[in-house]
Amino acid sequence: MRLGFTMRLGAAFTFTIFSGLVTSRTFQRRGTIVPESQHVIGSSSANDYQRPQQPISLTSSEIPGPLKGFVAFGDSYSSGIGTGVDGKEDECRHGLGSHAELIATDLLASHGGRNSSAFQFLSCTGATTQDIISGTSDSQVDTFNTSLPVDLALLSIGGNDLGFFDVINACVFRFYNFYSGTCEAALANAKAQIESTEFDERLDVIIMEILDKVRWEKNPNFFITVTGYARFFNELTDECDNMSFGIWWNGPKLKKDLRINMNAMVLTVNAKVRKTVDLVNSRFTTDKLVFIDYDQDFDGHRFCEEGVKEPDYDRKDTWFFLIGGPDNTRNGTEVKQASDLETLPPDSALVDPASCLEPAQRSGDWGKLALCYMAMTKQEPNVQFTRGDFVAENSMWYVPTYYGKVFHPRSLGHEIVRNKIYEAWRARE
């Protein structure tokens, strides 16, 4: 944390986490109550990533109102990993189906394809608050070009700070086999991370840095949408108790308690982000931020839905990716996923068991972490994949996106996020 960081905060952030990993109490948020079938807790962290691409010029009849330009900050849930590319995938794993790209496409269509607005796509896979905040290497805030017109900022952050990958690895996939540690330890670490106020303080500062950089007092219509996350599982079904997403034979089962705990983690992160949004808004006479909660819109589209045998690679109605799974773009939409099926050269540093771990951890890229863990596990005798397509036919490893897109929204999920942003936009008109 940089010197003087906490001195910039105008108010303390307080938040209560339930003492147990599973609870039947009702969890209250601003203006909403989470039903008793939902639960709340916590997750750990990751760092460093590659510099975002240059701003793109662009402005749909579906767009709620005029927009001169917008900027997207955040992590892989914002960059749209796995949702297709046109040509070669960039280091930030920007996808054509990301909600940010969908908004940019609508803007272009609304003006007949004329480049009449500016879109700065700064979101990057692996990003944490440390990678967005000003003054750090390749800071997204510092990269933000305010000489271009901008009326709106999209922000998605928290999953990497609060350790989504650590829990998903230890509790679901176990990329590093038994070296992945116990699920209980991962959840306990997650809970400790989420009980800390460090993430809240960083998020607060990032939001204020963005507002200050656009000179909000001279740009009163500028606002920021801060998106949450969606729960991964239907936690009520019984048949999923005997199913597994594990990479290696005898992987962990998707027991109901596990699904409840992981859903609770997501709800708690959402509440944590919402609380900071409310705190910042309390400093202004007019709200400058809107929290985008799309979780309930994913009902019926999670893993372990009624009658679904997981892993179901053919189910388009699941709005999260599986490892190597296809996207679920609409009929007639060209799917550009060839880059997902590319393989790494045999001597790739990403799968060198002796040296891959430190740079993978520094990157925060789920795909690089998964690749390294699997490469190290393959050195062990008598290990076997649960599926033959986790590697290519020639036993070559696929590129990081093949593995790293797992548990991220597919294109239809990103459409929902876009629509919720439009709802918030219309409400401000």
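Start at 1 with the first residue, then count along the sequence.
For the pair Asp241 and Arg259, the salt-bridge criterion is met [side-chain N within less than 4.0 Å of a carboxylate O]. Using a 4.0 Å cut-off between charged side-chain N and carboxylate O, Arg428 and Asp287 make no salt bridge. For Glu209 and Lys213, the salt-bridge test fails: no basic side-chain N is under 4.0 Å from an acidic carboxylate O. One finds a salt bridge joining Glu423 and Lys420 here, because a Lys/Arg side-chain nitrogen approaches an Asp/Glu carboxylate oxygen to under 4.0 Å. With salt bridges taken as basic N to acidic carboxylate O contacts below 4.0 Å, one links Arg330 and Glu415. Looking at Arg231 and Asp299, a side-chain N of the basic residue comes within less than 4.0 Å of a carboxylate O on the acidic one, giving a salt bridge. The residues Arg387 and Asp389 are annotated as salt-bridged, a charged nitrogen and a carboxylate oxygen being separated by less than 4.0 angstrom. Between Lys272 and Asp200, at least one side-chain N (NZ, or NE/NH1/NH2) sits under 4.0 Å from a carboxylate O, which counts as a salt bridge.
In this structure, Phe199 has no ring pair (Phe, Tyr, Trp, His ring centres under 6.0 Å) partners at least two apart in sequence or on a different chain. Residues that satisfy the ring pair (Phe, Tyr, Trp, His ring centres under 6.0 Å) test with Phe144, not counting sequence neighbours, are Phe73.
Taking the six-membered ring for Trp, Phe321 and Tyr313 have ring centres at least 6.0 Å apart. For Phe390 and Tyr398, the ring centers sit 6.0 Å or farther from each other. Note: Trp249 and Phe385 fail the aromatic proximity criterion, with ring centroids not under 6.0 Å apart. Aromatic rings from Trp216 and Phe222 are positioned such that their centres are separated by 6.0 Å or more. Between Tyr77 and His408, a ring centre-to-centre spacing shorter than 6.0 Å is recorded.
For Lys378, the NZ atom counts as loosely surrounded, since its 6.0 Å shell holds 12 or fewer non-hydrogen atoms of other residues, nucleotides or ligands. Within 6.0 Å of CG in Asp317 there are more than 12 heavy atoms belonging to other residues, nucleotides or ligands.
Between Leu152 and Val150, the closest side-chain pair of non-hydrogen atoms is not below 4.5 Å. Two residues are said to be in side-chain contact when any heavy atoms from C-beta on lie closer than 4.5 Å; Ile247 and Met374 meet this criterion. Put simply, the side chain of Trp397 does not reach to within 4.5 Å of the side chain of Tyr402, judged on heavy atoms. Thr227 is not listed as a side-chain neighbour of Leu155, based on a closest heavy-atom distance of 4.5 Å or more. Put simply, the side chain of Asn221 does not reach to within 4.5 Å of the side chain of Asp151, judged on heavy atoms.
In this structure a side-chain-to-backbone donor-acceptor pair under 3.5 Å is missing from Glu310 to Met243. Listed for the Asn189 side chain is no donor-acceptor partner under 3.5 Å among the backbone atoms of Ala186.
In summary, the side chains of Ser98 and His414 do not present any donor paired with an acceptor at a separation below 3.5 Å, with no hydrogens or angles considered. Checked by atom type, the side-chain pair Ser134/Asp142 shows a donor-acceptor distance below 3.5 Å. Side-chain atoms of Asp327 and Thr83 form no donor-acceptor pair, as typed in the model, at a separation below 3.5 Å. No hydrogens or angles considered: nothing links the side chains of Ser78 and Ser156 as a donor-acceptor pair under 3.5 Å.
The heavy-atom pair separating Phe175 from Ser180 by the smallest distance is N-OG, 3.8 Å. Counting all heavy atoms, side chain and backbone alike, Ala360 lies closest to Ser363 at O-OG, 2.8 Å. Of all heavy-atom pairs spanning Val290 and Ala424, the tightest one is CG1-CB, 3.6 Å.
For the pair Arg302 and Phe232, the NZ or CZ position fails the cation-pi test of under 6.0 Å to the six-membered ring centre and within 45 degrees of the ring normal. Taking the ring axis of Tyr294 as reference, the NZ or CZ atom of Arg418 does not stay both within 45° of it and closer than 6.0 Å to the ring centre.
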Kindly determine whether Asp161 and Thr129 satisfy side chain to side chain donor-acceptor pair (under 3.5 Å), including the steps that lead there.
CA-CA 7 Å; Asp161 289 85; Thr129 50; 2.6 Å; yes
Walk me through whether Tyr373 and Asn177 qualify under side chain to side chain donor-acceptor pair (under 3.5 Å).
CA-CA 8 Å; Tyr373 284 144; Asn177 208 358; over 6 Å; no
Step by step, work out the side chain to side chain donor-acceptor pair (under 3.5 Å) result for Glu305 and Thr237.
CA-CA 7 Å; Glu305 297 290 359; Thr237 53; over 6 Å; no
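Aromatic ring pairs are classed by plane angle as parallel below 30°, tilted from 30° to 60° and perpendicular above 60°; the pair Phe233 and Phe303 is tilted. Ring orientation note: the planes of Phe173 and Phe407 are nearly perpendicular, at an angle over 60° on the 30°/60° scale.
Looking at Asn169, Thr401, Asn160 one by one, the single match for side-chain hydrogen bond (donor to acceptor under 3.5 Å, both in side chains) with Trp366 turns out to be Asn160.
Here Met262 contributes atom CE and Phe164 contributes atom CZ; the two are 8.5 Å apart, rounded to the nearest 0.5 Å.
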